[in-house]
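Here's the structure we're looking at; comments come further down.
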2 protein chains.
Amino acid sequence: MSEPVRLASIGLGRWARVLARGAQRGSVIELASCFSRSEEKRAAFQEEFAIGRSASSLDELLADPEIEGVLVTTPNDSHKPVILECLAAGKAVYTDKPIAHTMEDAGDIARAAAQVGVVFAVGHSARRLGGNRVMKQWIEDGRLGQVSLAEANFSNERGLELTTDTWRFFADKSPGGAMIQLGVHHADNLQYLLGPVAAVSAHARKLYTAAEVPDAIMAILEFESGPLGYIGTGWASPGVYQIRLQGTEANLMYDLDFTTWDESHLVDKKSTLVSQAYRQSTRPPVEIPDTDMFREQLDEFALAIRGEAEVEVGALEGIRSLAVVHAALESSRRNGEAVALAPMVEMAGSLA
Amino acid sequence: MSEPVRLASIGLGRWARVLARGAQRGSVIELASCFSRSEEKRAAFQEEFAIGRSASSLDELLADPEIEGVLVTTPNDSHKPVILECLAAGKAVYTDKPIAHTMEDAGDIARAAAQVGVVFAVGHSARRLGGNRVMKQWIEDGRLGQVSLAEANFSNERGLELTTDTWRFFADKSPGGAMIQLGVHHADNLQYLLGPVAAVSAHARKLYTAAEVPDAIMAILEFESGPLGYIGTGWASPGVYQIRLQGTEANLMYDLDFTTWDESHLVDKKSTLVSQAYRQSTRPPVEIPDTDMFREQLDEFALAIRGEAEVEVGALEGIRSLAVVHAALESSRRNGEAVALAPMVEMAGSLA
């Protein structure tokens with residue numbers, strides 16, 4: 001490829017910087033512009049990433065004919081208005097996960113993206129972690145046999161530290177708390193590994209956080225393909241990121257230290273993956289290939305704009321993951337009764 | 001204590017031998033007699049454990065005035081008739097877990113034991129594993145802070161190997177499959193650690209076993225004290241025995257290799273327990289004291305007969321653990337809706 005793909009960052013907080021570093025580890029993308037309402041943030045971001053220009057309004061950014069696509073990292077509840085404007089201007093859109101904070105917004109975003117017909121990607125990058133890629137391989141080549149149980153946990157202490165200064169404190173902006181911020185990763189990971197979830201039974205508790213949102217959620221996932229899955233997610237304990245698969249031929253257990261999550265080219269080096277064969281109790285390590293989830297996902301997005309790649313995680317995958325979150329919250333309100341995903345996914349606009 | 005406590009084994013299968021070895025590692029118990037309908041088994045058992053005599057009928061065994069208590073390891077669905085006879089003869093009873101296969105039988109057993117007033121113990125020995133004792137200590141002395149999530153898994157490949165030759169194959173004799181044989185251990189462990197369960201939401205699946213019973217069960221436990229718990233249990237994968245507690249001050253993760261389970265003085269040596277402090281990602285090991293769950297529990301039972309100890313796991317604890325199993329099965333039939341434990345425990349005769 002001769003010319004780099006010119007992208008612009010929108011919403012210049014911590015996550016925009018993580019993605020910018022990821023993009024700049026590759027050679028496909030040129031970060032050509034950026035926008036935040038704060039002039040100070042724009043200037044700092046421009047300088048840190050050596051970006052040629054910035055825009056003082058979203059309109060100005062979107063009027064820039066050189067910009068081929070945008071990276072949206074604004075708060076979850078502003079995804080819809082920002083993304084709809086970007087799509088209306090014909091820009092390809094990469095949005096941080098979750099696709100939106102509500103199923104309604106997710107549906108509006110998905111329909112708009114389909115109508116405009118540009119490239120649309122959701123940042124469920126965790127499925128690209130080396131351990132997840134290996135687990136998927138073991139499922140596909142039969143080394144795991146038939147999977148019956150899949151367990152995942154993603155937790156940290158964030159809920160104990162939330163204040164009203166952050167949008168994550170509020171139920172209307174971040175419904176589900178730990179489940180929409182952390183658990184949603186495993187909602188994508190497990191569906192990546194085992195296919196679509198049919199229904200979710202869950203209980204959510206607000207135990208120790210001062211915020212309005214739950215800090216302890218457990219969900220059982222019934223997969224269309226037969227196995228049962230579990231997502232545990234909390235915001236009131238030291239950090240955990242684990243996935244365990246139990247198959248008729250082997251188990252796999254993945255344990256990730258996410259202190260280097262932001263520098264995604266390092267995170268695989270701090271992970272462990274072990275296998276356990278039928279009738280064995282020992283758990284020898286499985287080699288994890290080096291990956292770089294943020295760089296890879298952004299490169300794929302950029303190449304897709306040029307027609308040289310396909311986006312792996314688009315609107316449908318984003319909707320399916322968000323649906324697990326909202327099905328879990330609805331199930332919790334219904335005392336654990338299973339909530340089917342298909343109607344939610346369809347209502348949000350079941351588009352491939 | 002001058003005189004050893006004279007006990008007799010009833011049902012002389014693999015488990016009777018495990019318990020006999022446990023009893024003989026201590027010095028409190030004399031195995032004085034034994035009974036099985038099979039003369040061959042009786043002779044072999046007598047010889048292996050150097051037991052002075054055996055009985056050719058249960059009546060004969062129970063008429064033996066020297067026998068102070070019995071160790072019942074017959075199939076789950078025969079606990080009630082065997083135990084009721086033993087109690088009627090005034091013998092103290094230790095029964096292997098679960099207390100019975102149905103709540104009705106459990107209630108009849110509990111009421112009979114209370115009426116007769118002899119010592120009655122249920123073999124939920126796993127709570128005595130060194131790792132469980134340490135976790136309990138950390139909860140009690142505040143080192144874990146407030147617990148929000150507790151996850152446990154007990155699985156093995158048994159379901160793939162069951163044939164109609166074993167009672168565990170049949171739903172009427174072993175309802176719940178992996179949940180009543182393996183998961184019930186964690187039903188006791190987690191209630192030991194966090195107090196009584198208020199309600200259970202679960203899904204059970206019969207996926208890969210030829211038997212009539214489920215080989216994949218996931219259950220969410222709502223504890224009266226606030227936290228959420230999870231039990232995953234399967235019969236279609238390599239063996240797993242794990243407990244993880246997530247607290248506001250620390251996490252604890254317990255992983256046990258149960259290949260030495262039967263020799264319970266060795267099992268702690270094959271276990272690992274790690275802690276993780278607030279804001280830390282490292283998981284330093286926590287020392288596990290040497291324990292011997294079967295010896296300790298049998299010694300306690302024997303000493304209780306002499307009035308020199310209290311039984312830690314009696315009818316109520318046995319009923320509470322079995323109630324988690326049956327609440328899970330009922331919840332699965334109700335599409336995951338939470339099933340409250342209190343009515344089940346009360347119906348079975350809520351006796352302290």
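Worth saying up front: this structure is predicted, and the values here are computed from it rather than measured.
When all heavy atoms are compared, the tightest approach of B:S281 to A:D257 is OG-OD2, 3.1 Å. The two atoms that bring B:G234 and A:L149 nearest to each other are N-CD1, 3.8 Å, heavy atoms only. When all heavy atoms are compared, the tightest approach of B:E151 to A:G232 is OE2-CA, 4.0 Å. Considering every non-hydrogen atom in both B:L207 and A:P227, the closest pair reads CD1-CA, 4.2 Å.
At least one donor-acceptor pair closer than 3.5 Å links the side chain of A:Y208 to the backbone N or O of B:V147. Side chain of A:E157 to main chain of B:T248: no donor-acceptor pair is present (N/O by atom type, distance under 3.5 Å, no hydrogens or angles). Remark: side-chain polar atoms of A:N251 are paired, donor with acceptor, to backbone N or O of B:P238 under 3.5 angstrom.
Within the 4.5 angstrom heavy-atom criterion, no atom of A:A178 approaches chain B. With a 4.5 angstrom heavy-atom cutoff, B:A250 touches chain A only via backbone atoms. Only the side chain of B:T259 comes within less than 4.5 Å of a heavy atom in chain A; its backbone stays farther off. Using a 4.5 Å cut-off between heavy atoms, A:T282 makes no contact with chain B at all. The part of A:I217 that comes within reach of chain B is its backbone (N, CA, C, O), which places non-hydrogen atoms under 4.5 angstrom from that chain.
Heavy-atom pairs under 4.5 Å with chain A were tallied for B:M253, B:Q242, B:E249; the largest tally goes to B:Q242. Listed options B:S331, B:A202, B:G229 were ranked by heavy-atom pairs under 4.5 angstrom with chain A; first place goes to B:G229.
Rounded to the nearest 0.5 angstrom, A:Y278 OH and B:S237 OG are separated by 9.5 Å. The OH atom of B:Y230 lies 11.5 Å from the CD1 atom of A:I231; values are rounded to the nearest 0.5 Å.
Using a 4.5 Å heavy-atom cutoff, the side chains of A:M218 and B:E222 are not in contact. For the pair B:N153/A:Q246, a side-chain contact is recorded, criterion being any heavy-atom separation below 4.5 Å from C-beta on.
Classification of B:R283 and A:D255 as a salt-bridged pair holds, one side-chain N sitting under 4.0 Å from a carboxylate O.
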Could you walk me through whether B:V240 and A:R244 pass side-chain contact (heavy atoms from CB on, under 4.5 Å), step by step? CA-CA 10 Å; B:V240 176; A:R244 286 172 297 280; 5.8 Å; no

Run B:H203 and A:S201 through side-chain contact (heavy atoms from CB on, under 4.5 Å) and show every step you take. CA-CA 9 Å; B:H203 291 279; A:S201 290; 2.7 Å; yes

Considering only distance and modelled atom types, tabulate donor-acceptor pairs under 3.5 Å from the side chains of residues 334-342 of chain B, sequence neighbours left out.
{"unit_1": "B:R334", "atom_1": "NE", "unit_2": "B:E330", "atom_2": "OE2", "d": "2.9"}
{"unit_1": "B:R334", "atom_1": "NH2", "unit_2": "B:E330", "atom_2": "OE2", "d": "3.4"}

